[in-house]
Structure formats: C-alpha cells, structure tokens
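Residue numbers start from 1 in every chain, and the chains themselves are labelled A, B, ... in the order their sequence lines are given, proteins ahead of strands.
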There are 2 protein chains.
Amino acid sequence: MAKIGDVARRAGVSTATVSRALSNPDSVRPETRKLVLDAVRELGYTPNAAARNLRAGRSRMLLTVVPLLSNSFFARIVSGIDQEASRRGYGTIISEESPDSVEKQAHLLDLAAAGLFDGVLLLSALMPRVGRRSLADMGMPLVRVCSRREPGAGAVLLEEREATLIQTRHLLGLGHRRFMYISGGAGNINDIPRYEGFCEAIAEAGLQPDQQIRVEGFFDFASGTAAAHRFLELRAEGRAPTAIVAVGDQMAIACMKGIQEAGLRIPEDVSIVGFDGIDFTNYCQPTLTTIVQPAEDMGAAAAGLLIDMLQGERDPGEIVFPATLRVAGSTGPAPAG
Amino acid sequence: MAKIGDVARRAGVSTATVSRALSNPDSVRPETRKLVLDAVRELGYTPNAAARNLRAGRSRMLLTVVPLLSNSFFARIVSGIDQEASRRGYGTIISEESPDSVEKQAHLLDLAAAGLFDGVLLLSALMPRVGRRSLADMGMPLVRVCSRREPGAGAVLLEEREATLIQTRHLLGLGHRRFMYISGGAGNINDIPRYEGFCEAIAEAGLQPDQQIRVEGFFDFASGTAAAHRFLELRAEGRAPTAIVAVGDQMAIACMKGIQEAGLRIPEDVSIVGFDGIDFTNYCQPTLTTIVQPAEDMGAAAAGLLIDMLQGERDPGEIVFPATLRVAGSTGPAPAG
DNA sequence: TCGATTGATGTAATCGATTACATAAATGGT
DNA sequence: ACCATTTATGTAATCGATTACATCAATCGA
C-alpha cells in the first residue's frame, strides 16, 4: 500500500506538498499539483485513515444506535442516514440497542472514548449508559431521531401530536365513537404527544378521552396480537370499540389479523389505523390506513444536521416533519348500532 | 481525554508498562498491574483507537454491504452480524449497495484503502467496484453471505437447492401439477440452485420442468404484483397454474394480494409458497408457507468466520445452513379439475 | 561468590499523515 | 537596485499507543 512518502518521491516533492496538493489544492502551483496528482494516480494512493484521524483528532464516522433493525421503519431511517452520510464523506457504524447487555453498551462507550466516531444518531429512546457514564455526558455530539428532545442535542421529529390528531379525526368523521388506543408503551417518549393528539381529537368530538380504552404495546407484533385478544374480550362483554388506533404498523397488522381470525371483518365490523407507513401496509389484507412517516428523509435530515453540527455550521436544532395520513382499506364507516 | 502518558505518570511507571499491563497483563508484576489499573480507572482512560490502529495496521472494524436494508431478511442478517461482531470486540460499518452510484462505490474503496475496516461481509451479489479496482482484488478478506461462492472468500449459504426441492415437493404432495415459478432474477446467483431444486422436484414427479411457467422477479413487491398480473392473464386463457413458487417472501405476499384482489381465494383456488421466512409471513392473510432461513444465525456465523479469518485461525471456508419449510395457510390441496 | 539467566521495567523508534515554522524564490514598490 | 512582501516548498514536530531493544535487579547453579 503506497504511503505519502512514496508519492512524494515519485513526484519529486516533499510529503508536505503532497498533503497540501490533496487537501488544499490552491496552495500549490498548478504544475506541482499535476505532478502530485499524477503520482497519486499511478500509485493508487489513498491516505491512511488511522494516521489522518490520529493527527486530526476526528474520525469522520457516525454511530447509529437503532432499537430493532428488523423493524423496517428503523431500517428505512438507517438507509437515509447511510445515504446522506456517505454523500458527505462520512461512514456509518451501526449498533443495535441492547438494554439488557451491559457488555454491549460498555463496548459502545469504549468506542466513543476511543474516538472511533465523531457523533451519534440515536433512534432509540434509551441512551447507551454504563453506571453514570453515558454517551451524552461524554460530550458526544448527538442527534435524536424520532425519539425525544434533549437539551444540547439535535432532534428530528414527526409532528406526533398532529399525526394522531388527524388519524383520530378521520375515524370520527366516519362516525366512530368508541375507540381502542394501542400505545407504544409509557416508557417511550413519543407516547405522550401521540396520546395527546388522540385525546384532543376525542375531546373535539365532545367525547371523554378517559372513557376510551387504552392498551399498552411495545411496537411489536406480539403487542398487536395481545390487543386483539383484549378487543375480543371486550366484544364478548358487549362493549367493543368500533375503531382501533395503533401507533405502530406492526401492532396494527398483528391486531388486524387477530381480529380477522375470530371471524370479524375489517373495516365492516371494526376499523383500524396504523402508524409509520411501512411497505407492508400496502400489501396486507385489507391495506392499512396509516400515518406515513418519511423515514428515509428523516434519516437523511438527521445525518445532515449532525454533520453540520460537527463542522460547526449549525447549532443543535430541531427538524420537524409533517405527518400525512394515507387512507386505505382498513377504515370505513362505523357499523350501525 | 486522558492519554497513556497521564496514566503512566499517575501510576508512577512508564507508558510501556501501562500498555503492557493492559494488553498483556501477565508480563507485569501484580503490584504494578494494580497501580496501573487503578490509575486507568481513576482517569477513565480508554486507548485512542486511531493511534492504536495506526501502530497495529488494523482497525477492528468490519464492513457490511447490504443490497436493501428495508428488506427485513437482510436486516436480520445484519442484526446477527452486529451481535457477533460486537461480542468479539469488532465494530460494524454498514453500507447500502448502490450499483448506480459510482461515487458511493468509490467511497467504499477509499475507506478500504484507508484501512478503515479489516474485512468485508458481502450480502450482495455485486462486488463494489470502480473500473477494474474492486474490494476483492485489493486483497480485502471477504465473506459472502447468501450471495455466491468465490475463490479465496468465505461463504455462508443456505442449502438453496434443497430448499426449493422440499418446497416444490410439498406442493406436489398436495396434488399440484401446474406451477408458476417466480425467480429472483437471472442476475442473482442464488437463482441457479433454486431453480435447479424446483426443476428436480418437478422431474421427480415425472413432469417437464420447461413446461412450467417461469417469471423473472427481483425480490421486491413490484415483482410479485407483476407475477399476479401474469397469473391472471394465464387464467383468462384457461391455462392458469394451481401453485406458485416465489423465491422471496415479499414477492409471494404481493402476488398473493394481486390474486386475492381479483376475487380468487388462497389456498382454495391457488396455493403459494415464499422464501426467507420474514416475520410478516405470520401476519399476512392467509399466513404464508415459506422456507425459513435462520437469518440472524447466518449473520452471526458469517461475522464469526470473517473474524476467525482475520485472526488467522481459519481459512476461508464455507458454512451451509439447512433449509426448513414452515407450512402455513397459503398452501392447500390442488383444486379439482 | 561469581557469571549466567530470567524477569520487570524504562527508553525511544515507529506507524503515516498533517501542519507550524523555516527558508528560498519571486514579485512589487519606490 | 534594494528592501519588503508574498508565494511556494521543505524540514521536522506532532498526534497517542505499541514494542524492539536496553538496562537493571534478582535469582540460580556450580
């Protein structure tokens, strides 16, 4: 592997000149620059990253911490991050969250302390932490994506409150009055604005939010199945809701399935809306009415913001994306009676 | 950020001793070791990665190149890779394939030349390449995952041929005789063994493989929808197959939907099997009979193999995983007539 | 008790690129 | 024509950890 000295020798200049010709081309004479660039090309020279990082005190790497990669909503955000980071000359290190594995979190903190990355994109609500040390209080520049606001950190968010508001209004407009709300878990910070939006819409319609049924979920299929069971119990008691608001598509899809398996029809017997807009919402039966989050764009925006922050061109700010409702087959008029 | 010199001063020893106490504890006296470790703890010292990498000529990083992250089959492999790599003290850099973006491929080659990672996991059939330079002929250690064999590279594979063989046998056993096969595209290397397995089963039953219908797909939803259209055309001509073999779950699910929308029932009118075993196969309507690939395990095995190769403990070998058929709701007896 | 061997630690070179500072050449003003 | 300034390039220090080699003390055998 060619080193800067080899290039210098070949071009008949010093290593300093080679370095300058590459990183600050205007500072060398055009003829010299050509000599250097030719030598670089002939030798296939690429500066060694470790040496450069050591000297520069940065790595041009970003860490992305994601709760669950197999959730395609997160996967799409990561995809957007990768796109934008790579466009701007940064690499992306990825790590799946593991709240239970202290080892893995410690490994992350070590990588941070070792200077392996310059900043962090946190798709997770949880902050990697071991004892009292965490990424944030190591002074690591941070952007939160779809997770929460945090002083000193950037944030990329959806209009969460608006989202459930329009979602619920859509159902109210179809005549629904009795709802089941499947949350993302009280631990998840998005839960608050989303539930607020739901409650606001309910109140607008002159109904009591606290008389609606709320079920706790964790964004996974199992939560959806559990919610379906709850729904069926309620139905047996004669007090089933006619509409279900799930704040995650996977939960919505699993719930839909659980209900269909009991012989009920969607949307004739019960309507359901999801949240995220993953691809499968277009391929389940019926297609799922859902809030579409522009996941790739949000990822790209987050990476862009973080890189701006690293380059000192932007203060940790907040980027808010609008929520859109995609109406599909899973919602229909409330059944009579 | 504390440096090795700070630790040395605090412990009253030389930097060499600090380094030894950390990387080769047996080479220092127990009392000295304690002095050093105490100082390390008190100062919160972590060795700087760039300096260490520069000296050692390696980075303890792996690159994973993935075709499409939002495909949850790939996402699960990545998850397994991350798990195992992190367990063994390696980090994972991720990059989504972009056959059209020369820029991005060049970026990858630069990162490789810069020594940013020690080895590559390639989930993609395509090799990142710019002109005649590619990752492989830079001498980068390589493990292919579910993509193809390659001289000098490790490989983690499913018994592809077996998979379609048992899949097709299952359908034959249900009485099906007319098939549609949705491929993963002639460009994809898995296509060959998978199609072979299909043909072998067909031949076993005394049928002509080349009289079955073959449709080209690309593992995405759109391919499945297109295949459904083709199926409906064939049906209009009175020569519809009774069973569909799709070598990807997303294609199978989209195809299923296209067929259902035309008013046909699955599996009563037509049976369909998928390939991969993604979560959604359990949540579509009906649930999808499919080949289950142990994606996480395959990812972990691949990372393990690559790290063994890097540490000189193993030659690039081949790890083959068995295929299992998960029978679900999308397959049933062939319709009479 | 003396030289040889072993063990523990320190000194300093090294990895490869960047950049402050030094130097030399070229340009400009008067 | 001379000094001041600018421009281009070279020399060498630097980033922080690792490790070959040097050094010194302790142990051992005869």
Legend entry - Non-neighbouring partners of A:E103 that pass salt bridge (charged side-chain N to carboxylate O under 4.0 Å, His left out), sequence neighbours left out: none
Legend entry - salt bridge (charged side-chain N to carboxylate O under 4.0 Å, His left out) partners for A:R129, two or more places apart: none
Return each pair, listed once, that meets side chain to side chain donor-acceptor pair (under 3.5 Å) where at least one residue sits in [range]; pairs must be two or more places apart or across chains.
range                       : result
residues 44-61 of chain A   : A:S59-A:D118
residues 63-81 of chain A   : A:R76-A:E296, A:S79-B:E96
residues 298-310 of chain B : B:R88-B:D308, B:D308-B:R314

Legend entry - Closest to side chain of A:S19, choosing from D:dT18, C:dT18, C:dT11: C:dT18
Separation of [X] atom [atom1] from [N] atom [atom2], in whole Å?
X     : N      : atom1 : atom2 : answer
A:N53 : C:dT19 : CG    : P     : 12 Å
B:N24 : D:dA20 : CG    : C1'   : 15 Å
A:R9  : C:dA17 : CZ    : C1'   : 15 Å

Could you tabulate the donor-acceptor pairs under 3.5 Å formed by side-chain atoms of residues 19-27 of chain A, not counting sequence neighbours?
residue: A:S23; atom: OG; partner: A:S19; partner atom: O; Å: 2.9
residue: A:S27; atom: OG; partner: A:N24; partner atom: O; Å: 2.7

Inset, instruction - Kindly write out the residues that satisfy side chain to side chain donor-acceptor pair (under 3.5 Å) with B:R33, not counting sequence neighbours, or none if the list is empty. - result: none
Inset, instruction - Please identify each residue that fulfils side chain to side chain donor-acceptor pair (under 3.5 Å) with A:D191, with sequence neighbours left out. - result: A:R214
Inset, instruction - For residues B:F117 and B:L108, report the shortest heavy-atom separation together with the two atoms involved. - result: CZ-O, 3.9 Å
Show the distances under 3.5 angstrom between N or O atoms of the protein and N or O atoms of nucleotides 14-16 of chain C.
residue: C:dT14; atom: O2; partner: B:R55; partner atom: NH1; Å: 2.6
residue: C:dG16; atom: OP2; partner: A:K3; partner atom: NZ; Å: 2.9
residue: C:dG16; atom: N2; partner: A:A51; partner atom: O; Å: 3.3

Are any protein N/O atoms closer than 3.5 Å to N/O atoms in nucleotides 5-9 of chain D? If there are, list each pair with its distance.
residue: D:dT9; atom: OP1; partner: A:R29; partner atom: NH1; Å: 3.1
residue: D:dT9; atom: OP1; partner: A:T32; partner atom: OG1; Å: 2.3
residue: D:dT9; atom: OP2; partner: A:R29; partner atom: N; Å: 2.9
residue: D:dT9; atom: OP2; partner: A:T32; partner atom: OG1; Å: 3.4

Review item, side-chain donor-acceptor pairs of residues 139-146 of chain A, under 3.5 Å, at least two apart:
residue: A:R144; atom: NE; partner: A:E150; partner atom: OE1; Å: 3.0
residue: A:R144; atom: NH1; partner: A:S124; partner atom: O; Å: 2.8
residue: A:R144; atom: NH1; partner: A:A125; partner atom: O; Å: 2.9
residue: A:R144; atom: NH2; partner: A:A125; partner atom: O; Å: 3.4
residue: A:R144; atom: NH2; partner: A:E150; partner atom: OE1; Å: 2.7

Inset, instruction - Specify the angle, to 10°, made by the local axes at the two ends of the helix from C:dT1-D:dA30 to C:dT30-D:dA1 when five pairs are taken at each end. - result: 40°
